[in-house]
Amino acid sequence: MVLLQDNLFFIWHDASGNIRLFLIFLCIATMTTLMYLMSRSRTVYIVDYACFRPDSNYRISKAAWIENIHHSRSCDDSGHLRFLTRISERSGLGDETYLLACHHHIPPYYCLSEARAEAELSIFTTIDDLLVKTSINLNAISILIVNCSIFSPTPSLADMIMRRYKLRDNICNVQLSGMGCSAGLIAMGLAKDLLQNSPSSAHALVVSTEILTGTYYTGRKREMQLTNMLFRMGGSAVLLSTSSDKARFEVANVVRNCTSSQDNAYRCVSYEEDDEGILGLNLSKDLVDVAGKALGANITTVGPLILPLSVKIAFLLSFISRKVLSGTMKPYVPDFRKAFEHMCVHAGGRAVIDAVQRSLGLLDEHVEPSRMTLHKFGNTSSSSVWYELAYSEAKGRMRKGDRVWMIGFGSGYKCNSAVLKCTQPAKSADKAWQDCINRYPIDVPKEV
């Protein structure tokens with residue numbers, strides 16, 4: 001060490017002025033490059049994903065579900081039956097959606113053990129399918145994030161997964177609840193942030209589901225009866241990593257917007273008691289309007305990140321003009337069809353999909369995955385965007401380099417989005433669509 005220092009001293013002492021300047025410049029450039037590489041955020045990839053496909057025994061038609069709900073009230077209320085039928089016709093759901101066995105009884109029966117059984121069925125089945133796809137060593141999973149909005153047991157669903165799969169004791173274990181239907185994208189964003197501060201070999205497992213057992217509303221308030229008609233069984237599991245090896249998608253951006261500071265937005269989706277003290281999920285009449293404003297805020301953030309330069313300039317000029325003229329001008333809606341090949345709009349209901357299609361000027365082909373997912377699986381909450389991505393892949397439409405825009409809406413009110421870039425298309429259809437994709441797309445009436 002002393003000899004090395006002496007040699008460096010003599011080299012510096014004997015060097016000319018120009019060589020000394022060059023050595024100083026070389027040291028500064030080296031240090032700057034190292035600091036940049038250390039501070040730069042690492043790219044996060046999706047290794048693969050899987051969607052829950054319930055057994056055919058859990059299928060329930062719209063007519064059978066309406067009959068179950070109607071007879072469970074123990075009354076002859078023709079007005080209530082007409083209301084349920086009208087909502088069912090306009091919902092966009094088909095006759096092959098899925099509900100757990102306890103929902104098929106008249107009246108349906110619920111208890112904590114049934115809710116846990118539903119959670120184990122959807123979560124374990126989906127994770128097992130993902131493990132088959134990826135063949136990952138479970139010890140490589142250092143981050144586990146589970147999101148389920150209403151059902152939040154103790155021990156948590158994340159603990160339930162750890163116990164089943166014997167995951168490592170020092171895992172970063174997170175459970176998200178009460179975040180609504182957009183929580184899946186929140187969970188992916190959280191996993192992305194955690195992975196960027198983890199070793200390069202780290203993997204994150206994100207599980208998104210909604211457990212319906214115990215959330216069935218038995219009261220008379222119509223705003224709270226809508227959820228009975230829209231929500232169905234579902235779930236997804238996604239494996240993320242900072243390694244591009246065998247990765248299927250690159251996570252380019254995750255953008256979150258929350259409008260909870262506004263009273264109407266905060267209350268438009270609320271789990272609460274009605275006037276008779278019966279619990280249920282209340283969907284406000286302002287929901288579509290609130291969702292539109294939240295989408296607008298998200299577009300303002302995500303647009304500059306992904307739109308072509310010409311569209312960015314037009315968008316910026318429109319934004320400045322609206323500020324100067326106090327919002328009297330009609331807002332400029334960028335043509336997002338130039339930025340993405342695939343759209344995955346949360347299948348929250350026909351009205352939500354229609355509103356997004358109108359707002360963004362999308363063609364029917366852009367929202368086809370959303371409409372078909374809603375028809376086949378219903379509103380599966382935070383996992384719906386993954387069913388839609390699986391639909392596009394099952395149809396053979398995904399190509400290497402294609403860009404995907406996922407849009408999720410949820411209580412609060414939130415609009416979250418994720419931008420993905422395909423690095424390796426699926427070799428086969430996901431299990432959720434495997435045996436039925438040839439029947440789609442089908443004609444789903446927009447208005448009834």
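Keep in mind the model is a prediction, meaning the values are calculated, not measured.
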Please verify the inter-ring angle class for W433 with Y440; under 30° counts as parallel, over 60° as perpendicular, anything in between as tilted. perpendicular

Check the orientation of F409 and H346. Use parallel for under 30°, tilted for 30 to 60°, and perpendicular for over 60°. tilted

Verify whether one side chain among E223 and N282 offers a donor that lies under 3.5 Å from an acceptor in the other. no

What pair of heavy atoms forms the shortest contact from M343 to I407, and how long is it? CE-CD1, 4.3 Å

Specify whether Y387 and F377 have parallel, tilted or perpendicular ring planes, treating 30° as the upper limit for parallel and 60° as the lower limit for perpendicular. tilted

Do D129 and Y49 have side-chain N/O donor and acceptor atoms under 3.5 Å apart? no

So, the side chain of N298 versus the backbone of C415: is there a donor-acceptor pair under 3.5 Å, distance only? yes

E250 side-chain N/O to C422 backbone N/O, donor-acceptor pair under 3.5 Å: no

Would you call T259 and Y266 a side-chain contact if the rule is heavy atoms closer than 4.5 Å? no

Cut-off 3.5 Å, side chains only: do Q357 and R371 have a donor facing an acceptor? yes

N173 and D159, any side-chain heavy atoms less than 4.5 Å apart: yes

Taking A347's backbone N and O only, do any of them form a donor-acceptor pair with E388's side chain (distance below 3.5 Å, no angle check)? yes

Can you confirm whether L100 sits close enough to E114 that some side-chain heavy atom of one is under 4.5 Å from a side-chain heavy atom of the other? yes

Determine yes or no for a side-chain-to-main-chain donor-acceptor pair under 3.5 angstrom, with R403 supplying the side chain and A339 the backbone. yes

What about the rings of W386 and Y391, do their centers lie closer together than 6.0 Å? no

Aromatic centroids of Y58 and H103 separated by under 6.0 Å: no

Just wondering, do S284 and V269 contact through their side chains at under 4.5 Å, heavy atoms? no

Among T134, T126, V132, find the residue that satisfies the side chain to side chain contact (heavy atoms under 4.5 Å, CB included) test when tested with L130. T134

Kindly say whether Y217 contributes a backbone atom to a donor-acceptor pair with the side chain of N228 at under 3.5 angstrom? yes

Would you check if E393 and D430 make a side-chain contact, meaning some heavy-atom pair closer than 4.5 Å? no

Is the shortest side-chain heavy-atom distance between S91 and L230 below 4.5 Å? yes

Less than 6.0 angstrom from the centroid, inside 45 degrees of the normal: does R222 satisfy that with respect to the ring of F83? yes

Report the relative orientation of the aromatic rings in W405 and F340; use parallel for angles under 30°, tilted for 30 to 60°, perpendicular for over 60°. parallel

Distance-only donor-acceptor check, side chains T213 and E118, under 3.5 Å: yes

Do the numbers put K421 on top of the ring of Y45, so that NZ or CZ is under 6.0 Å from the six-membered ring centre and no more than 45° off the axis? no

Do L93 and R350 touch side chain to side chain, with heavy atoms closer than 4.5 Å? no

Under the side chain to side chain donor-acceptor pair (under 3.5 Å) criterion, do S88 and T85 qualify, and how do the steps go? CA-CA 5 Å; S88 178; T85 303; over 6 Å; no

Before we go on, tell me: are the rings of W65 and Y98 under 6.0 Å apart, centre to centre? no

R53 side-chain N/O to A432 backbone N/O, donor-acceptor pair under 3.5 Å: yes

